[in-house]
Each structure stands twice: as structure tokens, then as C-alpha cells.
There are 4 protein chains.
Amino acid sequence: MPSTKNSDTVDNRRREKYLAIVEAALEAFAEHGYHDCQVSRIARRAGVADGTIYLYFANKEALLVSVFREKLGLVTVAARALVDSRETAWEALEALVRYHLDYLERHPVLANFFQIQTRQVSAGIRQEIAQPLKEYYRLIESLVDRGKGEGSVAVDLDTRAAREMIFGTLDEAVSCWVLSPRVYCLTDRAPLLWRLLSRALAPRVQGA
Amino acid sequence: MPSTKNSDTVDNRRREKYLAIVEAALEAFAEHGYHDCQVSRIARRAGVADGTIYLYFANKEALLVSVFREKLGLVTVAARALVDSRETAWEALEALVRYHLDYLERHPVLANFFQIQTRQVSAGIRQEIAQPLKEYYRLIESLVDRGKGEGSVAVDLDTRAAREMIFGTLDEAVSCWVLSPRVYCLTDRAPLLWRLLSRALAPRVQGA
Amino acid sequence: MPSTKNSDTVDNRRREKYLAIVEAALEAFAEHGYHDCQVSRIARRAGVADGTIYLYFANKEALLVSVFREKLGLVTVAARALVDSRETAWEALEALVRYHLDYLERHPVLANFFQIQTRQVSAGIRQEIAQPLKEYYRLIESLVDRGKGEGSVAVDLDTRAAREMIFGTLDEAVSCWVLSPRVYCLTDRAPLLWRLLSRALAPRVQGA
Amino acid sequence: MPSTKNSDTVDNRRREKYLAIVEAALEAFAEHGYHDCQVSRIARRAGVADGTIYLYFANKEALLVSVFREKLGLVTVAARALVDSRETAWEALEALVRYHLDYLERHPVLANFFQIQTRQVSAGIRQEIAQPLKEYYRLIESLVDRGKGEGSVAVDLDTRAAREMIFGTLDEAVSCWVLSPRVYCLTDRAPLLWRLLSRALAPRVQGA
DNA sequence: CATGAATGAGACTTCATTCAT
DNA sequence: AATGAATGAAGTCTCATTCAT
């Protein structure tokens, strides 16, 4: 199948360049901020011409959305793998909380991108960005539901509210860290936060 | 002291125009988005000339910050009054959660401004915006601490983590509502969310 | 009436700057060609900032249309005055033919603009440009009709066809001159062309 | 002579592709306008790669010139054949006028191309386009001269002026038709126009 | 010969900000 | 103090053209 191989090669090359641009954009956005980062800067960093960007993305906003989707996609996949590696939903939830904080602390560029740059776009694009986020939302909600089934989460809690609490708490913790001088360790906060979240979720003991 | 009276009049007039601009900016930002809202549009809506804006604000970003400070200031003051009207920190916390959601649902323009427009500025300005927010943070943290003293909040919880959870949860709930088609009632979610938050904060019964 | 005078002054100033831009655009278009003439070049020539152009014209094409309308407007007005100064339609027609060629020879920049630049725009704009041209068309047709009434133009000729002949002949003559090295005198051609046109229009003598 | 045959085949193939591109360009130019028609669109319509265009034409403008030359060449050849099929120059002229209008009405794409697109290029290219047009000019002028010899055209008329009148009139008539909503029939105008042109050209009867 | 992905110069236009009135 | 006409820097995106395959 030479033609197939050929086509694969082309596709691979295309994918490679696509990813190079995504990577360059992520770094450039995080470094200068979405609005203060010219497309030509991204192009230079990616080692391509300005016009090449537009062979892969409709416009600058679409590029931002792609970066978001690609990067959050990786996080979601990793999170799912992590979740699958745990016996119980409860353990998985705890692991997820730690992973969320740990991952973003280890990838400060990504943390900056998620917490700051991503919110700089027009309302219309915000909607589009919300789409891939829903995957992550679903993952959390499925864990909450599984926890209910396994008896580790109180059944009379609203699943969506629980997700809003879990994600909102993590997001706020990361945002504060990103906007702070970042002198403290974000991962260290995982137990403190999990302490609160677990208490909120766990069923009250016996006659309580 | 005619001069003083005169000066007061001047100050009042100045304050009035200042507030007119702030109000116009809030509405214009919410309507078009920060970046798609020209200064001249704000000026027209406020009934002043473009240049007049710059007699009251250093630049467009400073105007945004002022809107944020003014509006959040009102919320904080109201929240503080609300808090003072309750006997216990616990009741105050519950009231605050309800108030936060209720207020923003009743002021959708403000909700949009807080959740969307406010995040569209460069990282540097985000820092400045964080400043008035700290007042609100402190209010929450003081309630948590008071709750600990009153025995309604578990003493072994990290106060800052608790604040991150409370504020993060509310913020996420409002954000989801703002970005959604807003077909559901935000205030209705208050009991569901308070249920979770209260469980997280309350001390475990007896030997738990 | 100080306010009126004031307002007049403002309007006059505006009109002056408007005309300065129109003049600069005419020359710049003629010199470099519509597509090879940057807006900034026009601005510099008019002694204003780039952005100022856009306070007076919606965009570059609208500017071209305005130049066309202004300049053709002058020609039409002058032509009308010329026509009114003649006793008969026949004399007026002859004068018009001479004036058309003479005027454009004396204003080569305008000739270039009319014959070359004006046709470089998109079809949509071509339609808009055709509008002011219709005034000139009407002037010619009214003369033909008057000539019929006065007995100097054969009544059985189609007025519109006559106009197409008269204008088409002049336009072609000017176009050839503009595109040529312009070594010959355009005005000299007036009698030769009028000879033909007049024969076409005049009623056949007696029993012919 | 296999090599010759081979070479012919190659030449034929080359000519075929050349013509395919010319045809595609004509249609694409007429459909979108010269400036709004990308080379890649022509390539796609011709079924070749973008780069292939440049194996046949130096650049986009050269392609336009080629389309003009090819298409006008056909018209000129047909016009010449038409002329040769008539007994007298007078009949030939009348036939030419009718043919000019009739042909362009039957080929609206070509009419649009000749009257609109062709004029959208820079002055330099306009000169080049004028070249093949001269063939057509010469044809008209030769007919006028022949008419003089045959006694059907007044000998004291300027031949070039006569050509400017004939071509200018036809060109204007076609231009008006192309720019109009084209609700009327162009061929119908032939007799009206010929009526005028013939009167201009014919010698005055007897003692007139 | 043919391809088409990549190039990169360059143009229009916007809009926050200024300053003469 | 207020005005608003003018400024001009700067950025996204297009598209004719090239050249490695």
C-alpha cells in the first residue's frame, strides 16, 4: 500500500506542523497574553511563515480554541486513565483533585493559559471553549455518580452541584495561585482542599 | 464657608459624572464585551465627550477596574450588612451564599461583567482587579473563622481553603449560568450548593 | 447668529479637508493607479493622518467614488453652463464636444483618472460610479431632444442611441489619447469628430 | 518522423492545457472580477495545480492578457471572415456592427470580461491589452478606407476619427448593456446605431 | 512536467488617546 | 472643565508566487 503510506506520511507531517503551531501558540499566549501576542510571533516561534498559520487555523481565535482543545484533551485523557487505575470512585476523586493541582503546578505555562488567556476572548468563543470543558465536567460527574453507587458519596446530593463545587474549588485554587507571586506550593493545597470536598461528599456517619 | 460648599458642589457634580461613566461602561462592556466596546460608545452612552472619559480615568483598563471596584464595593457593603444582620456566622454564611447567587441573577448585566468582561484584560490588570476582590475574600474568611469560634465550623479546616471552596463554588455556579442559555433559575441552586458547602464546613458529629 | 456662524465655520473646515483629501486622492490614484496607491500615501499628500481619511470616507472604494462624483460633478456643472450660454442645441452640442476633449486635455490627471482608475474597482462599485455619470448622459440626451425640436437633429433618430454614439465616441477618443504616448493634440480632434457626429445627427437635406 | 509527431503531440497537449486554463480564467474572472478571483480558483476550475498556471503564464496579469488576446483573436478572425463574405465595404460595416453586438449578447461572459475585467489592470497592462485590439481597429479602418474607394463613405472624413466613432459607439452600447440589469436586447439596438453611424459615414447626397 | 504546501510582503482599517479650542 | 476632531501605531489576514518533491 504505497499510496496509503504516502498519504500517512503527508498526514503525519501535517499533524506535526499543526502541533508545532499549537505548542508555539500556547507558549506565546502564556508569555505575552492573548491580545498582546501577534500571530507573527507565534509563527516565528513555530518556525513557519505567518501565512502558514492560516493554512491550519481559520484565524487567531480558532487557534486559541484549538490550543485549548488539544491541551485540555490531554488532561482529560490522562485524568481518565488515572481514574481507571483506581479501585473506587472515592480514591479516583481524591487522585483527580491531586492530579489537577499537581499537573498545573508542573505546567505553569498551561496553568496560565487555562486560567488567564482562555478567558480573554469574545463571548462567542467562550461558548466554543466551553465545549471541550464539558468532557472534563462529565468525568467528574460520572465519578460522583459512581461514588453514590459505591456508597462513598451521599446519594441525596445534587450531582451537578457537586461538580460545580469540585471544579470550582480547584479552579479557584489554581487561579489564586497563578495570579499570586506563586511563592507557595499548589500541590500542598491538595490535602486541605480534599479534606473539605470529601467532607461535603461523604455520607454522614450513622445517625447523624 | 462658601468656598467649601462650592467645592462640595463641584465634588458632587464630579462624583455624579464619574458614576454616570461607570454605569455606562458597565452596560456597554456587558453588551458588547470589553474588547469590542469602544471608548466612544461608552462616552455616548454616558452623555459625555470621548475626551471627558480621560478626565476621570487614566485609560480604558483603569475604567474597567473602577467599574469592578465600584460594583464589587456595593456588593461587599451589602454583604457585610447582611452578615451583620445575622446572629451567627453559620446563618450569615448561608445567607451570603443565597445572596451571592440571588444578587447576580437579579443583575444579569453585572453577572456578565463579573464573570466574562473582567477576565478579558491583561494579566497585569487582573492583578489589580484581584485587589478589591480581596475584601470579599476577607469577609468570607472572617465568617469561617467566626464559625470556628462559634463551633459551627470544624476548627481543623484550613480557612483559606474553605474560602477557595466557597467562593470557587459560587463563582463556578454563576459562570455556568452566565454562559448557559440561562433557562434555569440560579437562586434555586442555592440550597443544593449550601447543602454541600455546609457539610464540608460543619464539624463531624460526635465521635466521627 | 453666532452659533450659525460657528456651525458654518465647522462645516467649511470640514468641507475644506474633505476636498483636500479628494484632491490628494485624485492625484495619487492617477500617479500610481488605484490598486498600487496606498491610503497612507493619499493621507500624506493631503497632509492628514491615515485615520483621518476614515472620518470622511467609509473606505478606499468610497473615496474613489467620491472623487469621481466630485470631479464629474464639476464637469457636468460647467457643461451645463456652457450649454446654457448657447442659443441653439446644435451649437451647444458642438461646444460640448469641444469642451469635453479640451477639458480633459487640459486636465490630464483627471483624464487618466476617468479613463483608467475609475474602471479598476469591483463591479459593485462600478454601478455606483455609473450613477453620477447618468447626469452627464441626461445632459447629452436633453440636447439631442432639443435639437429635434429645433429642427437641427433628425427626429427619427433614437435619442439614447445618439447619446451612446456621442459619449462613446468622445470616451473612445480620450481613452486612445490617454493610453497613447500623448504626442498629439486631443483638442485638434474635436472638429474631425464633430464632423462625423453632426452628419449623423443632422436631418438629411431636402428629398434625401 | 516519430520525434516530430511526438513533439506535435506534446505541443497539442500543451496547447490543450493552455486553452483549458484560458477558458477557466475567462469564466472565473467574469464570475468574481479580476481582483477578487484568486489564481487558485482558476487552477481548480481548470483542473490543474496552482503552480501549473505558472508553467504557462508568467503571472496573473499575463494570464489576463492571454485571455484577452485569445478571445479577441477569435472575434477578429470571425469578423474578418464576415467582412470577406460581403460584396461591399458598406455591407461589411453594417454586418460588423450587427455582429459585434450580437456576438457579445450571445456570450455575456465574454462581454463582461471585455467591458469590465479587462479594464481593472494597471495602466501598464492596459497598454499591452491595447495591442491585440489594434488588429480590430485596423479592420474597421480598412473598411472605412475601402468604403471611401467604393464611394459609400465620404472621402473627406478622417479615417481614424471614423474608427473611434464606430468602435466607441459599439463599446459604449455594450458597456451600458453589461452594467445594466440587461433586461433589454442588445442586438435590437444594432439598427438604431447603424442608422446613426451610416449617416455619419455616407457621402451627402448630390449638392448637399 | 506537475504538484500544492509554504511563503512573506504589505494593505486596509481600527480605536485608544491627545490637545487645541 | 469639557469637547471631539485628529492622530498614527499596529495587527490580522490575503494571495500571487515559488520550489522541493
Side-chain angles (χ1 to χ4, degrees), chain A residues 6 9-10 13-14 17-18 21 35-44 46-63, chain B residues 10 13-14 17 21 34-44 46-63, chain C residues 6 9-10 13-14 17-18 21 34-44 46-63, chain D residues 10 13-14 17 34-44 46-63:
Chain A
N6 203 355
T9 308
V10 166
R13 222 176 267 162
R14 193 176 164 77
K17 196 160 274 192
Y18 170 88
I21 296 172
H35 284 289
D36 291 333
C37 164
Q38 303 94 310
V39 171
S40 63
R41 201 189 285 272
I42 297 170
R44 202 176 322 131
V48 301
D50 291 21
T52 305
I53 302 272
Y54 292 87
L55 296 176
Y56 290 83
F57 306 92
N59 50 46
K60 195 182 169 188
E61 284 201 329
L63 173 53
Chain B
V10 166
R13 234 182 249 156
R14 192 175 164 79
K17 198 162 270 191
I21 296 172
Y34 177 72
H35 285 289
D36 291 334
C37 166
Q38 302 94 309
V39 170
S40 65
R41 198 191 286 272
I42 297 171
R44 202 177 324 132
V48 301
D50 292 19
T52 306
I53 302 269
Y54 291 85
L55 298 174
Y56 292 82
F57 306 92
N59 51 44
K60 193 181 173 189
E61 287 201 325
L63 173 52
Chain C
N6 203 355
T9 307
V10 166
R13 221 176 267 161
R14 191 176 165 80
K17 197 160 273 190
Y18 169 89
I21 296 172
Y34 176 73
H35 284 290
D36 290 333
C37 165
Q38 303 93 310
V39 171
S40 64
R41 201 189 285 272
I42 297 171
R44 204 175 322 129
V48 301
D50 292 21
T52 305
I53 302 272
Y54 291 86
L55 295 176
Y56 291 82
F57 305 92
N59 50 45
K60 194 182 169 188
E61 284 201 329
L63 173 52
Chain D
V10 165
R13 234 182 249 156
R14 192 175 163 79
K17 197 164 273 191
Y34 177 73
H35 285 291
D36 291 334
C37 166
Q38 303 94 309
V39 171
S40 64
R41 198 190 286 271
I42 298 170
R44 203 177 322 132
V48 302
D50 292 20
T52 305
I53 303 269
Y54 291 86
L55 298 175
Y56 292 82
F57 306 92
N59 51 45
K60 193 183 172 187
E61 287 200 327
L63 173 52

Between CZ of A/Arg44 and P of F/dG11 the distance, given in whole Å, is 11 Å
Per nearest nucleotide of DNA chain E, the residue lying toward the 5' end, B/Gly51 or D/Thr52, is D/Thr52
5'-most contact on DNA chain E (nearest-nucleotide basis), C/Cys37 vs B/Asp50, goes to C/Cys37
Taken to the nearest whole Å, CG/B/Leu55 to C1'/F/dT3 is 9 Å
**Study point:** Side-chain N or O of D/Lys17 closer than 4.0 Å to phosphate OP1/OP2 of E/dC1
**Key:** no
Which of F/dT7, E/dC12, F/dA16 is nearest the side chain of D/Val39? It is F/dA16
E/dC19 -> Watson-Crick or G-U wobble partner, both distances under 3.5 Å, gives F/dG4
- Distance below 4.0 Å between A/Tyr56 side-chain N/O and E/dA5 OP1 or OP2: no
Atom CG of A/Asp36 and atom C1' of E/dA16 are separated, to the nearest Å, by 13 Å
Pairing partner of E/dC12, by Watson-Crick or G-U wobble and under 3.5 Å for both distances, is F/dG11
Closest non-hydrogen contact found for A/Thr52 with A/Lys17 is CG2-CD, 4.3 Å
Q.
Regarding D/Ile53, tell me which of base, sugar-phosphate or nothing describes its non-hydrogen contacts under 4.0 Å with the strands shown.
A. nothing
Whole-Å distance, A/Arg41 CZ to F/dT12 C1', equals 15 Å
Review point. Phosphate oxygens OP1/OP2 of F/dG8: is one of them under 4.0 Å from a side-chain N or O of C/Tyr54?
Key: no
Between CG of B/Leu63 and P of E/dT17 the distance, given in whole Å, is 10 Å
Heavy-atom closest pair (A/Val39 atom, A/Tyr54 atom, distance to 0.1 Å) is CG2-OH, 3.6 Å
Nearest heavy-atom approach of A/Phe57 to A/Ile21 is CE1-CG2, 3.5 Å
Of all heavy-atom pairs linking C/Glu61 and C/Tyr34, the shortest is CG-OH, 3.1 Å
Here the distance between atom P of F/dA16 and atom NE2 of D/His35, to the nearest Å, is 10 Å
Q) Are any of A/Arg13's side-chain N or O atoms less than 4.0 Å away from OP1 or OP2 of E/dA5? A) no
Quick note, A/Lys60 side chain, CB onward, closest among E/dT13, F/dT3, F/dC13 is F/dC13
From CD of B/Gln38 across to P of E/dC15 the rounded distance in Å is 5 Å
Taken to the nearest whole Å, OH/C/Tyr34 to P/E/dA11 is 13 Å
Nearest heavy-atom contact between D/Cys37 and D/Ile42 is SG-CG1, 3.7 Å
